[in-house]
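The structure appears right after this line, and notes come after that.
Position 1 is the first residue of the sequence; numbering continues from there.
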Amino acid sequence: MQVPAAFEYAKATSVGQTLELLAHWGEDARVIAGGHSLIPMMKLRLARPTALIDINDVAELSYIRVEGAELRIGALTRHADLLASPLVEEHYRIFADAERVIADPLVRNRGTVGGSLCQADPAEDLSAAFAAVDASVVIQGARGSRTVPLTEFHVGPYETVVEPGELLTEIRVPIRPGGGSAYHKVERRVGDWAVAAAGAAVWLEQDTIRTAGIGLTAVGAEHFRAAEAEAFLAGKPATEETFAEAGRIAAENTNPIADQRGPVDYKRHLAGELTVRVLRAATARARGQEA
């Protein structure tokens, strides 16, 4: 029988109270909302927090709205809410694409956007999707808040820049006209972690790619991003030949590991092929050619 080690427990109703509880219990305390990653790790005793701070009642962290030229998403926003949001559908289809292939309805109804990013699993879908659209995150602590680009947020497998006593509160995505986005995933069965997955956001100027973002997951891409392929795409014509070369560059710069989901060569091949597919789909959406 899998049983977690003993821990303290408290419910918070505000960001301020959450930060006070984190300060009270010290660096081994953890916040919990969905708990789909943390609880299994606790049952296996891979994680042994001294205290859990339940933030499900911190309503101020659950929202999706547009402020200025940014789409802002509260860290406690549920996966199901991101999937159903008209604002998300209007500005960034990539998130709806990704959410449809994350786990199952039970997980999506309880799991949170902030929890997924903070788990920092190398095969996590939303990290790649947010990387592709150049997102940033807001982290709050006792001394105030700081904004960190997503490319600097993850520092390694299951590691982020969130310090003890700090809390991820918001994700911010710049809104720019003339763009389209998409996400594709290969999985062994519905709801599984990715064998490989890719997301892309493309902004066009007529038939030229003004700028593009590419996120990759489960293939060892640094910070979940295909930076070299992004650099190649800027200023190039939006053609199949361009997409194919970007896919080759993206695959070349991955560092997958062999595991039960597949060998290295297969994962690298998927990284390239999925990059081509999401660039094609994102470009079609930017042109208004795909529903």
Side-chain angles (χ1 to χ4, degrees), residues 1-12 18 21-58 61 75-80 98-99 101-130 137 139 153-168 185-197 216-221 223-224 255-264 267:
M1 183 170 61
Q2 298 174 355
V3 180
F7 58 90
E8 302 288 340
Y9 172 85
K11 286 182 71 73
T18 303
L21 289 167
L22 283 169
H24 172 71
W25 273 313
E27 64 180 27
D28 290 327
R30 296 289 184 271
V31 296
I32 187 168
H36 294 101
S37 298
L38 180 57
I39 294 299
M41 292 178 71
M42 289 174 61
K43 291 171 71 175
L44 293 170
R45 303 208 176 189
L46 297 174
R48 301 184 66 163
T50 56
L52 290 185
I53 302 164
D54 188 332
I55 61 170
N56 279 291
D57 291 340
V58 184
L61 293 182
L76 199 60
T77 300
R78 310 290 173 176
H79 292 296
E99 287 291 4
V101 294
I102 290 176
D104 54 44
L106 290 175
V107 171
R108 293 195 291 269
N109 285 337
R110 293 296 297 169
T112 65
V113 174
S116 289
L117 295 183
C118 286
Q119 177 65 11
D121 191 298
E124 199 273 314
D125 293 286
L126 283 188
S127 294
F130 279 111
V137 298
I139 301 168
F153 180 70
H154 298 106
V155 294
Y158 308 103
E159 292 183 288
T160 73
V161 297
V162 179
E163 299 288 344
E166 290 187 324
L167 181 68
L168 174 68
K185 174 179 178 177
V186 171
E187 54 196 339
R188 293 181 303 172
R189 55 185 179 272
V190 174
D192 194 8
W193 296 105
V195 177
L216 296 172
T217 194
V219 291
H223 302 300
F224 292 92
N255 188 31
I257 60 171
D259 59 17
Q260 70 272 23
R261 292 183 174 88
V264 167
K267 292 185 177 184

Decide yes or no on side chain to side chain contact (heavy atoms under 4.5 Å, CB included) for Val31 and Leu168, but give the supporting numbers first.
CA-CA 10 Å; Val31 296; Leu168 174 68; over 6 Å; no
Worked check of side chain to side chain contact (heavy atoms under 4.5 Å, CB included) between Met42 and Phe7:
CA-CA 10 Å; Met42 289 174 61; Phe7 58 90; 3.6 Å; yes
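The shortest distance between side-chain heavy atoms of Val161 and Glu166 does not fall below 4.5 Å. At least one side-chain heavy atom of Trp25 sits under 4.5 Å from a side-chain heavy atom of Ile53. Considering only heavy atoms from C-beta on, Ile139 stays 4.5 Å or farther from Thr160 through its side chain. Side-chain atoms of Leu38 and Leu52, non-hydrogen and from C-beta on, do get closer than 4.5 Å to each other. A 4.5 Å side-chain heavy-atom check between Thr50 and Glu27 finds every atom pair outside the cut-off.
Residues Arg45 and Pro4 come closest through the heavy atom pair NH2-O, 3.5 Å. The minimum heavy-atom distance between Val58 and Ala12, with the atom names listed, is CG2-O, 3.6 Å. Scanning both residues, His154 and His223, for their nearest heavy atoms gives O-ND1, 3.1 Å. Contact record, Trp193 with Glu124: CZ3-CA, 4.1 Å, taken as the closest heavy-atom pair.
For the atom pair Leu76 CG and Leu167 CG, the distance stands at 9.5 Å (nearest 0.5 Å). A distance of 3.5 Å separates NZ of Lys11 from CG of Asp54, quoted to the nearest 0.5 Å. Within the model, atoms CD of Glu187 and CZ of Arg189 stand 9.5 Å from one another, a figure rounded to the nearest 0.5 Å.
A donor-acceptor pair is defined here as one N or O able to donate and one able to accept, closer than 3.5 Å; no such pair exists between the side chain of Lys267 and the backbone of Ala258.
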Give every donor-acceptor pair under 3.5 Å between a side-chain atom in residues 105-123 and any protein atom, sequence neighbours left out.
residue : atom : partner : partner atom : Å
Arg108  : NH1  : Ile102  : O            : 2.7
Asn109  : ND2  : Pro105  : O            : 3.2
Arg110  : NH2  : Asn56   : OD1          : 3.3
Thr112  : OG1  : Gly115  : N            : 3.0
Ser116  : OG   : His79   : NE2          : 3.1
Ser116  : OG   : Thr112  : O            : 3.3
Asp121  : OD1  : Ala123  : N            : 2.8
Asp121  : OD2  : Tyr158  : OH           : 3.1

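Each of Thr217, Asp192, Asp125 was evaluated against Lys185; a single residue qualifies, Asp125, per the side-chain hydrogen bond (donor to acceptor under 3.5 Å, both in side chains) test.
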